[in-house]
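Working notes, beginning with the structure itself.
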Amino acid sequence: MALLEEPIKGILSLKNYIDGEWNESSGKILDVVNPATMKVIARVPISTKDEVNTAVEAANEAFPEWRNTPPLARARCLFRLKELMEEHFEELSRIQTMEHGKTIDDSRGETRRGIENVEVATGIPSLMTGYNLEDISSGIDEYVIHQPIGLFGIIGPFNFPFMVPLWFAPYAVATGNCIIIKPSSEDPISQIKIAELAEEAGIPPGVWNIVNGGRDVVSGLINNPEINGVCFVGSTPVGRDVVYKGCGETGKRVIVQGGAKNFSLIMPDAILEKTITACMTSFYGNTGQRCLAAENLVVVGEGLNDQEYDSFYNKVVDNFIDAASKIRVGYGLDDSVQMGPLRDVEKKNKVIDFIEKGVQEGAKLILDGRDVKIVTNNPIDCFLNPTVFEDVTPDMTIANEEIFGPVANIIKARDFDEAIKMINNNRYGNSATIFTSSGRWAREFQYNVLCGNIGINVGIPAPMAFFPFGGMKDSFFGTLHGQGRDAIRFFTDTKVVIQRWF
Amino acid sequence: MVLLTAAAVVDFLVRLEETSASFYINLARVFPDKKDIIEPYAKENKKNSVFVKRVYHEVISDALDGGFSFHMNETDYIFDENVENLNFKETIDKAIAIEKKIGAAYANAAETSRSLMSDLPRLFNRMAQKREKRIEKLNELNDGDV
């Protein structure tokens with residue numbers, strides 16, 4: 001198949017967007033490399049703390065007027081932003097494929113889910129309303145109002161460069177706050193494009209700011225006392241520091257989505273053909289680089305005798321291997337490709353280390369993705385093919401630690417309770433899925449599993465924009481979540497008024 | 001080439017619509033006295049392309065199985081749209097054959113995407129049904145009823 005046209009020609013020079021102006025940074029410059037072609041497509045600045053402070057000053061200055069702007073007028077800015085995103089839908093999607101490596105279907109899906117958050121936030125005049133009660137005592141009324149808080153920092157991950165900052169940004173801005181986004185320095189281009197559209201949509205200077213960079217920008221946001229809250233999506237160790245060392249000490253509100261190790265259960269009554277299709281998306285979609293990707297496939301023998309269980313297990317494994325081995329790997333701008341590269345060579349090597357660790361610990365490597373074959377004519381530096389282990393036990397490193405790559409570990413569980421214990425004993429609690437035709441097992445599963453996002457016959461239980469994005473245990477730190485009503489509460493303070501007129 | 005992804009299938013269906021539109025435009029050029037009957041088909045094909053692209057863009061989600069659900073052999077649905085040196089009856093026969101292929105392509109796409117994104121298979125089914133109606137009308141043309 002022919003490649004779709006690349007929207008980025010040459011090498012972009014990315015800038016910071018502060019106070020409605022596009023500014024050069026005085027920091028050092030890094031290359032942004034398309035992992036499928038290994039070509040440099042942009043240069044991104046690693047901004048300094050002073051530049052973060054400049055953005056904070058600009059946001060602080062913009063805040064009083066923006067919070068005085070009627071919610072309906074703020075919503076209209078977001079309506080315009082949504083329309084501009086629709087107009088640029090294909091360009092935005094292809095940029096994600098170029099900067100991250102994901103397939104065009106995955107990129108378009110990400111664009112759609114990002115836009116949906118803007119759509120939900122346009123409902124702010126309804127979503128932000130308070131409530132009241134007349135006559136709490138004779139002639140006295142009481143009411144609750146939700147007010148914007150001020151400034152928020154949003155720190156995005158590399159794996160969903162377009163969508164994840166949009167779990168937060170539209171809600172923060174719709175509720176009357178100002179934001180500073182730090183995109184991942186590995187793939188910052190789509191956030192730059194969104195800021196261009198935000199500018200075109202008429203969002204006033206200082207309300208929506210972008211500061212590119214790395215650790216200095218993160219610590220600059222977390223430690224700045226003028227910032228009222230931080231939203232962070234990334235690894236658990238960094239997330240812990242953001243919560244406890246940074247936001248804890250400076251008293252900020254915080255949403256932290258951390259790492260994950262997600263299990264997928266196949267019950268004997270699952271509809272196998274559809275289950276395997278869903279598993280391909282779950283294990284290999286986005287090249288396994290998503291916090292909702294399944295990494296452990298647990299084949300459950302509930303209610304089966306040994307012979308029946310062996311037969312069921314073999315059928316699952318055969319079907320899984322057959323499907324995984326046929327996945328077309330290559331550059332995501334070829335729309336026949338089903339899996340793209342890892343984001344960079346370092347990430348690929350980390351996955352290879354896990355594969356080697358799995359072999360050392362005694363897991364059986366039945367599909368080795370290190371033998372790279374791709375269908376497009378590109379360098380294979382960042383590519384791996386789907387990998388499958390069986391005979392994996394819950395104590396192995398590959399069954400416990402987040403691999404973040406296209407590796408599936410097949411684990412046996414003799415019954416349902418054993419499978420639930422495996423999930424709950426794991427330190428992470430981002431998501432878990434079950435494939436079954438039984439309402440009973442589905443209910444038992446959702447009732448007992450300690451995870452924030454549950455899929456029942458759905459491989460990737462990604463909450464829609466009008467629901468919160470969950471997470472438990474070491475996968476989430478905070479109280480309120482991104483997206484939907486939780487986000488509205490996170491970005492507003494609740495004020496209670498008791499009123500009497502003499 | 002076997003099409004496995006939503007992106008590839010949608011792109012292929014849009015190409016079928018566009019090729020079919022060119023076929024009817026050519027047909028109207030070769031048989032100008034039938035232009036009023038033939039040309040609306042080309043316009044409808046163009047609308048169909050817009051619908052298919054729009055619905056796909058509106059329902060595609062990275063979380064659903066758009067990259068793994070389809071299985072459509074492109075060669076089963078490719079057709080020749082050349083109308084040179086054919087009489088009217090032959091071109092209508094050809095049009096019917098084309099519509100059958102496009103209808104079958106939509107039906108296949110609807111079936112394989114049934115458990116995914118409901119709007120998409122629903123639209124594909126509607127497009128397949130439209131083809132059946134179009135074939136009825138083309139048959140009437142051939143029978144000289146129009």
Side-chain angles (χ1 to χ4, degrees), chain A residues 1-2 4 86 89-90 93 96-97 102-116 159-160 162-163 271 273-274 276-286 290 292-293 323-324 326-328 332-340 431 453 455 457-464, chain B residues 1-19 46-47 49-78 105-106 108-124:
Chain A
M1 298 284 279
L4 299 169
E86 296 286 1
F89 186 96
E90 192 58 20
S93 303
Q96 289 160 59
T97 294
K102 58 185 70 191
T103 65
I104 192 64
D105 267 327
D106 276 343
S107 293
R108 287 170 182 156
E110 183 175 347
T111 307
R112 176 52 54 207
R113 293 178 78 86
I115 292 174
E116 281 166 359
N159 61 332
F160 284 93
F162 177 86
M163 174 184 72
I271 297 171
E273 189 192 346
K274 286 177 180 166
I276 295 297
T277 301
C279 282
M280 292 304 108
T281 305
S282 185
F283 285 83
Y284 302 116
N286 215 35
R290 54 157 48 118
L292 294 176
K326 287 179 182 160
I327 288 176
R328 292 169 62 86
L333 282 184
D334 176 331
D335 65 14
S336 73
V337 162
Q338 295 171 293
M339 192 176 98
S431 87
N453 304 289
N457 296 316
V458 170
I460 296 287
M464 295 292 286
Chain B
M1 174 89 180
V2 177
L3 308 175
L4 302 168
T5 66
V9 168
V10 165
D11 180 64
F12 178 63
L13 292 170
V14 167
R15 274 189 282 131
L16 288 185
E17 292 286 2
E18 285 166 357
T19 314
K46 285 174 187 168
K47 265 195 234 167
S49 301
V50 173
F51 284 148
V52 170
K53 275 193 268 191
R54 189 168 67 206
V55 171
Y56 162 64
H57 277 170
E58 283 180 354
V59 301
I60 182 74
S61 159
D62 66 297
L64 288 174
D65 312 320
F68 296 94
S69 289
F70 295 88
H71 196 279
M72 184 188 276
N73 199 337
E74 203 174 346
T75 50
D76 291 347
Y77 308 104
I78 288 173
Y106 274 118
N108 178 322
E111 181 57 30
T112 46
S113 62
R114 204 154 49 96
S115 63
L116 291 186
M117 310 165 259
S118 58
D119 307 44
L120 209 51
R122 207 175 293 153
L123 177 75
F124 290 158

Margin query: Quick one, B:S61 and A:R112 - any side-chain contact, counting heavy atoms below 4.5 Å?
Written below: no
Are there more than 12 heavy atoms of other residues, nucleotides or ligands under 6.0 Å from atom CD1 of A:I271? no
One should read off an interatomic distance between B:I60 CD1 and A:E110 CD, to the nearest 0.5 angstrom, of 12.0 Å
Looking only at heavy atoms, the pair that brings A:E116 and B:E58 closest together is OE2-O, 4.5 Å
For residues B:T5 and A:V337, determine if any side-chain heavy atom of one lies less than 4.5 Å from a side-chain heavy atom of the other. no
From the list A:M339, A:Q338, A:K326, side-chain contact (heavy atoms from CB on, under 4.5 Å) with B:F68 holds only for A:Q338
Residues passing the ring-ring contact (aromatic ring centres under 6.0 Å, His included) test with A:F89, sequence neighbours excluded, are B:H57
Heaviest contributor of heavy-atom pairs below 4.5 Å to chain B, chosen from A:R108, A:E86, A:M163, is A:R108
d(B:L4 CG, A:D335 CG) to nearest 0.5 Å is 11.0 Å
Applying a strict 4.5 Å limit to non-hydrogen atoms, the region of A:E90 in contact with chain B is side chain
Among A:L4, A:I327, A:N457, the residue with the most heavy-atom pairs under 4.5 Å to chain B is A:I327
